[in-house]
Amino acid sequence: MSTITAAITAVGGYVPDFVLTNKLLETMVDTNDEWITSRTGIKERRILKDDNLGTSYLAIRAAEDLIAKGNINPLEIDLVIVASTTPDMPVAATAVYVATQIGATNAFAYDLQAACSGFLYAMSTADAYIKSGKYKKVLIIGADKMSSIIDYTDRATCIIFGDGAGAVLFEPNYEGLGMQDEFLRSDGIGRDFLKIDAGGSLLPASAETVANRQHYVFQDGKNVYKYAVTGMADVSEKILQRNNLTNSDVDWLIAHQANKRIIDATANRIGLEEEKVLINIHKYGNTTSATLPLLLFDFEKKFKKGDNLIFAAFGGGFTWGSIYLKWAY
């Protein structure tokens, strides 16, 4: 029997209609377009304005796009994983609701939370399930409604984040395509540098935590930037070395879209020319769990069967890693 690998066979995505531009942010906080663009590479981000809609809405729309484009029967999906930092609710898993809403009623489902590395970790999880031989179709969705946890009076964070979702389907492959290798890391030192103080078991919600604005994202930008630049570059270099790849072997860098300077530093470390580095941060900002699949969604037509893709991400916690994947179609 041929060796099973886990390959991406379909891609979908969704971003909300409302565009929050740098010019609009200038009317909300003390900032300007030139400052934001030069430091982050972000020009605009998409925001889900309807307060009655949560992350599940974004995830469902991305999954429906994938199902329609890939002509997938949702009843054949075995597992749905939603990578998200902003689940609809603390207890009822968002993935379970999403699976039911898209008609994947034969699937089991659960959420995965690893901040901006969530989708990368979900790819690793899908790979293991497919290689086990137990499951044939694993749908993973990266989705975040970051606007629900951002303080729009805090210029350090409100310029960075946006809302969106991307989805991919993993299936068995017998040609050696798909997932080739992974190098995933984490370090609890990051707990104090990027977090939401309240709303968890450590500091449950109260009138006081709401008054103190402790339910919004706090980011120590300098420390996060320092660790992210080193971490993403290190793992990307490591994955190339481990697989005897040179920069000329790499077709595309699929890097987490948090900051253009971090992406550039990663590309420079592994010697990649600019045209191999996929960028959409200028359009969407940092959509957390959704950045990697939204890159696949935006640039799917560029990929050719057999292309070597290097994924890299860094997120709060800290969590980070790199994955080497061969495109399968």
Side-chain angles (χ1 to χ4, degrees), residues 11-21 24-25 28 42 44-69 72 74 77 80-105 107 109-116 118-119 122 139-154 157-169 196 198-200 205 210 213 215-217 257 280-281 283-298:
V11 175
Y14 174 76
V15 290
D17 293 332
F18 182 82
V19 180
L20 178 57
T21 63
L24 192 50
L25 277 171
M28 298 162 62
I42 301 167
E44 55 191 45
R45 57 290 298 134
R46 300 298 186 95
I47 304 296
L48 183 59
K49 294 290 281 183
D50 191 333
D51 291 336
N52 296 313
L53 299 175
T55 292
S56 61
Y57 175 79
L58 302 169
I60 290 164
R61 294 292 298 267
E64 288 174 340
D65 180 62
L66 178 149
I67 287 166
K69 287 195 315 188
I72 309 297
I77 296 171
V80 177
I81 302 172
V82 172
S84 184
T85 298
T86 56
D88 284 3
M89 303 175 186
V91 176
T94 300
V96 175
Y97 178 71
V98 170
T100 298
Q101 293 301 111
I102 65 172
T105 51
Y110 60 85
D111 294 354
L112 189 155
Q113 207 281 75
C116 296
F119 189 81
L139 176 65
I140 65 172
I141 306 166
D144 270 302
K145 185 183 178 182
M146 292 303 293
S147 61
S148 67
I149 55 170
I150 296 301
D151 180 355
Y152 285 94
T153 67
D154 175 15
T157 55
C158 73
I159 65 169
I160 298 169
F161 296 97
D163 303 339
V168 305
L169 185 69
I196 294 176
V210 172
R213 306 181 78 79
H215 295 267
Y216 294 118
V217 169
Q257 307 287 294
N280 61 10
I281 189 173
K283 296 195 297 181
Y284 306 139
N286 181 354
T287 54
T288 306
S289 305
T291 67
L292 298 180
L294 278 175
L295 281 171
L296 299 180
F297 173 67
D298 274 359

Ignoring hydrogens, what is the shortest heavy-atom contact between [X] and [Y]? Give both atom names and the distance.
X	Y	value
Asp65	Gly13	OD2-N, 3.1 Å
Ala95	Val80	CB-O, 3.9 Å
Ile81	Ala122	CG2-CB, 4.2 Å
Gln113	Thr85	OE1-OG1, 3.8 Å
Ser84	Ala143	OG-O, 2.8 Å
Thr157	Val217	CG2-O, 4.0 Å

Which residues pass the side-chain hydrogen bond (donor to acceptor under 3.5 Å, both in side chains) test with [X], sequence neighbours left out?
X	value
Tyr216	none
Thr288	none
Arg46	none
Ser148	none

From [atom1] ([X]) to [atom2] ([Y]), nearest 0.5 Å:
X	Y	atom1	atom2	result
Ile60	Thr100	CD1	OG1	9.5 Å
Ile47	Phe161	CD1	CZ	11.5 Å
Ile160	Arg45	CD1	CZ	9.5 Å
Phe18	Leu24	CZ	CG	5.5 Å
Ile196	His215	CD1	NE2	9.0 Å
Leu48	Asp144	CG	CG	12.0 Å

Apply the side-chain contact (heavy atoms from CB on, under 4.5 Å) test between Gln257 and each candidate in Leu294, Leu292, Asn280; give the one that qualifies.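 Answer after filtering Leu294, Leu292, Asn280: Asn280.
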Would you please name every residue forming a salt bridge (charged side-chain N to carboxylate O under 4.0 Å, His left out) with Asp151, sequence neighbours left out?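 Applying salt bridge (charged side-chain N to carboxylate O under 4.0 Å, His left out) to Asp151 gives Arg213.
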Salt bridge (charged side-chain N to carboxylate O under 4.0 Å, His left out) with Lys49: which residues, sequence neighbours excluded?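 Listed in chain order: nothing, the list is empty.
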Using the test side chain to side chain contact (heavy atoms under 4.5 Å, CB included), find all partners of [X] that sit at least two apart in sequence or belong to another chain.
X	answer
Met28	Leu20, Leu25, Tyr152
Ile72	Leu66, Ile67, Ile77, Leu169
Ala93	Val96, Asp111
Asp51	none

Do Met146 and Asn286 touch side chain to side chain, with heavy atoms closer than 4.5 Å?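 Sidechains of Asn286 and Met146: no contact.
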Val11 side chain reached by Pro293 side chain, heavy atoms, under 4.5 Å: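 No; the side chains remain at least 4.5 Å from each other.
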Side chain to side chain donor-acceptor pair (under 3.5 Å) contacts in which one or both residues fall within residues 87-96, not counting sequence neighbours: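 For residues 87-96: Ser56-Asp88.
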Output all residues satisfying ring pair (Phe, Tyr, Trp, His ring centres under 6.0 Å) with Tyr284, sequence neighbours left out; order by chain, then residue number.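 If we apply the ring pair (Phe, Tyr, Trp, His ring centres under 6.0 Å) test to Tyr284, skipping adjacent residues, there are no hits.
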Does the Ser289 side chain pair with the main chain of Gly118, one donor and one acceptor, at a distance under 3.5 Å?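 Judged by distance alone, no pair lies under 3.5 Å.
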Ile102/Leu139 under side-chain contact (heavy atoms from CB on, under 4.5 Å): CA gap, chis, key distance, verdict: CA-CA 11 Å; Ile102 65 172; Leu139 176 65; 3.6 Å; yes
